[in-house]
Protein chains: 2
Amino acid sequence: MEELVGNPLFKGIHPKKIEEIFSKVFYQEKVYEIEEIIAHSDDDCENLLIVMEGIVRGEMIDFSGKTIKIEDIPAPNPVATAFLFGQRRKLPVNIVANTKVRMMRIPRDSVIKMFQMNSYFLENYLNMISSRAQFLSMKIKFLSFKTIKGKIAQLLLDSLGSGGDTIILNRSQQSLADLFGVARPSLARAMGEMVRDKLIRVERKEVKVLNRKGLNQLMQA
Amino acid sequence: MEELVGNPLFKGIHPKKIEEIFSKVFYQEKVYEIEEIIAHSDDDCENLLIVMEGIVRGEMIDFSGKTIKIEDIPAPNPVATAFLFGQRRKLPVNIVANTKVRMMRIPRDSVIKMFQMNSYFLENYLNMISSRAQFLSMKIKFLSFKTIKGKIAQLLLDSLGSGGDTIILNRSQQSLADLFGVARPSLARAMGEMVRDKLIRVERKEVKVLNRKGLNQLMQA
DNA sequence: TGCATATTGTAACATATGTTACATTTTATC
DNA sequence: GATAAAATGTAACATATGTTACAATATGCA
């Protein structure tokens, strides 16, 4: 069980205690070879999966059969903790072995027992899904700005904080456009108009905010 | 405690049992008048708040100080369950009383004790934040499709799965439009065009997929 | 320095979506 | 069933963004 030390789900729990917990609940371990599919998208999510060794990836399959990588999950981390409970207890992605991996599989019932045996484990689990919900919430705030100028304003005011009025953009226009999910010339045009309207001044990678109130208004729409 | 029957956090728990739980942990109740601010955005989230009576709203404050209503939360429901744990334990919104309200306030420690006293309560809580994470996850998926038709295609093919070819939409056009982050008439138009192009056939809440390949193509763009 | 390459600015035009307004249909309530 | 309320269909028009193409800079490298 030493592999579980360092796993965020077992943070703050003494290794001896971890041993003790696992002596009292049912679980399985299984080894997968490279590129083997560990779990399919839409499979019922009845078990907590933990990467003990190696790296797995989550990938989406679109309907034409193409796959899109979503994220890599290395040991020692759990997989899809937000789908073991809740209304839709199904995996949203395929889980595939990037390397040879060893996975631990703990049934939901065992997990609940573990929650009641050890409040650290419970808090760690709660922290994990809560953090995820918080992160997604932030991301949505960003994505749901409709206009390009709104996204720019959000980015600028966010990275500005309270002090100062200049930001160094360390990304190319193209990468910014990708981040926003817009076309590069459209981004250039939007920034050009903001300069024209004296909201900002741009010099190479340096952006100076001239009119905070104006930027705020762009975020409303 | 009868007000808690019907509260999703206490689903499946016998009223007597609820009494018993609350006899063993610390909590407070407080009454707020109309338009009184119950909690401020960025306040540390140290307590589980439950609306016992009345309706509260969450509202965001933008940089210029204007407020934007986010959602109404009527009794008997908890508030901001996803912010009691996790990395950023701060309220993202102001909580304001829409009507005269009575709120229950349970410290995080008490909540954890309650988790360990009653596994229904624990599962209900887990279900609630998990469902929220799942909902946000789904929303992001839709937001990142550029075109409305793409979003529709994604929704249809997703809820279709492998078998059958008809879906019952249990949401109003408006709520779908909100989910997609588009305007309602735009959604109606897009669906109309898809019907015209013989990709789908719509009859009230029932949608029949006529051309899967065509829907796939809409998702590529 | 000179050259090649990448990045950025700009323009004209096409298109998707938003906005507003109203008619029509469905649903709920008495 | 009658009525009001909600949801939906549709149209005309405004606007933001995408697309394509090319010129103007900036950047890296020999």
Side-chain angles (χ1 to χ4, degrees), chain A residues 140 142-156 166-208 210 214-221, chain B residues 68 71-72 74 139 141-156 166-208 214-221:
Chain A
I140 282 182
F142 191 71
L143 279 178
S144 46
F145 279 101
K146 289 238 178 67
T147 68
I148 297 182
K149 290 181 192 175
K151 293 174 204 236
I152 298 172
Q154 156 74 14
L155 181 76
L156 292 180
T166 51
I167 299 108
I168 309 292
L169 286 181
N170 280 323
R171 348 172 49 117
S172 74
Q173 226 179 55
Q174 183 62 60
S175 84
L176 245 193
D178 289 343
L179 177 67
F180 288 167
V182 302
R184 206 266 313 155
S186 304
L187 177 64
R189 173 174 47 199
M191 288 190 69
E193 286 172 11
M194 288 167 80
V195 170
R196 184 200 62 195
D197 297 343
K198 301 219 191 327
L199 294 170
I200 58 177
R201 190 161 59 206
V202 179
E203 203 155 327
R204 309 223 200 157
K205 301 265 171 226
E206 192 181 296
V207 181
K208 180 166 189 173
L210 302 177
L215 291 182
N216 274 327
Q217 285 171 351
L218 291 178
M219 290 172 59
Q220 320 288 22
Chain B
I68 306 164
E71 58 176 342
D72 284 325
K139 177 138 186 166
K141 204 160 77 178
F142 286 126
L143 282 177
S144 47
F145 277 99
K146 288 237 183 67
T147 67
I148 297 181
K149 290 181 190 176
K151 295 172 205 237
I152 297 172
Q154 157 73 16
L155 179 76
L156 291 179
T166 50
I167 298 106
I168 309 292
L169 287 180
N170 281 324
R171 329 168 129 270
S172 75
Q173 228 180 54
Q174 184 61 62
S175 83
L176 247 192
D178 290 343
L179 177 66
F180 289 168
V182 302
R184 207 264 315 156
S186 304
L187 176 63
R189 173 174 48 201
M191 288 190 69
E193 285 172 12
M194 289 168 78
V195 170
R196 184 199 62 195
D197 297 343
K198 300 219 190 329
L199 295 171
I200 57 177
R201 191 162 57 206
V202 179
E203 202 155 328
R204 311 224 197 153
K205 301 263 170 229
E206 192 181 297
V207 181
K208 181 166 189 175
L215 290 182
N216 274 327
Q217 285 170 350
L218 290 179
M219 290 174 56
Q220 319 289 19

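All figures in this text were calculated on a predicted structure; none of them were measured in a lab.
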Please report the distance, rounded to the nearest Å, between CG in Leu176(B) and C1' in dA6(D).
16 Å
Which whole-number value in Å describes the distance from Ile152(B) CD1 to dA16(C) C1'?
13 Å
Tell me the interatomic distance from Lys149(B), atom NZ, to dT15(C), atom P, rounded to whole angstroms.
12 Å
Per the side chain to side chain contact (heavy atoms under 4.5 Å, CB included) rule, which among Ile152(A), Leu156(A), Thr166(A), Leu155(A) passes with Val207(A)?
Leu156(A)
Between Gln173(B) and Arg184(B), does any side-chain donor sit less than 3.5 Å from a side-chain acceptor?
yes
Using whole Å, report how far CD of Glu193(B) lies from P of dT17(C).
9 Å
Just how far, in rounded Å, is P of dT25(D) from CD of Glu203(A)?
15 Å
In whole angstroms, how far is the C1' atom of dT17(D) from the NZ atom of Lys146(B)?
10 Å
Give the rounded distance in Å between these two atoms: CE of Met191(B) and C1' of dT17(C).
17 Å
Tell me every residue that passes side-chain hydrogen bond (donor to acceptor under 3.5 Å, both in side chains) with Arg201(A), counting only those two or more places apart in sequence or in another chain.
none
What string of B, S and - do you get for nucleotides 5-12 of chain C 5' to 3' if you count protein non-hydrogen atoms under 4.0 Å?
---BBB--
Nearest-Å distance for atom pair CZ/P, residues Arg196(B) and dT10(D):
12 Å
Taking salt bridge (Lys or Arg N to Asp or Glu O under 4.0 Å) as the test, write out the residues that go with Glu206(A), two or more places apart.
none
Side-chain donor or acceptor of Lys151(B) paired with backbone N/O of Phe180(B) under 3.5 Å:
yes
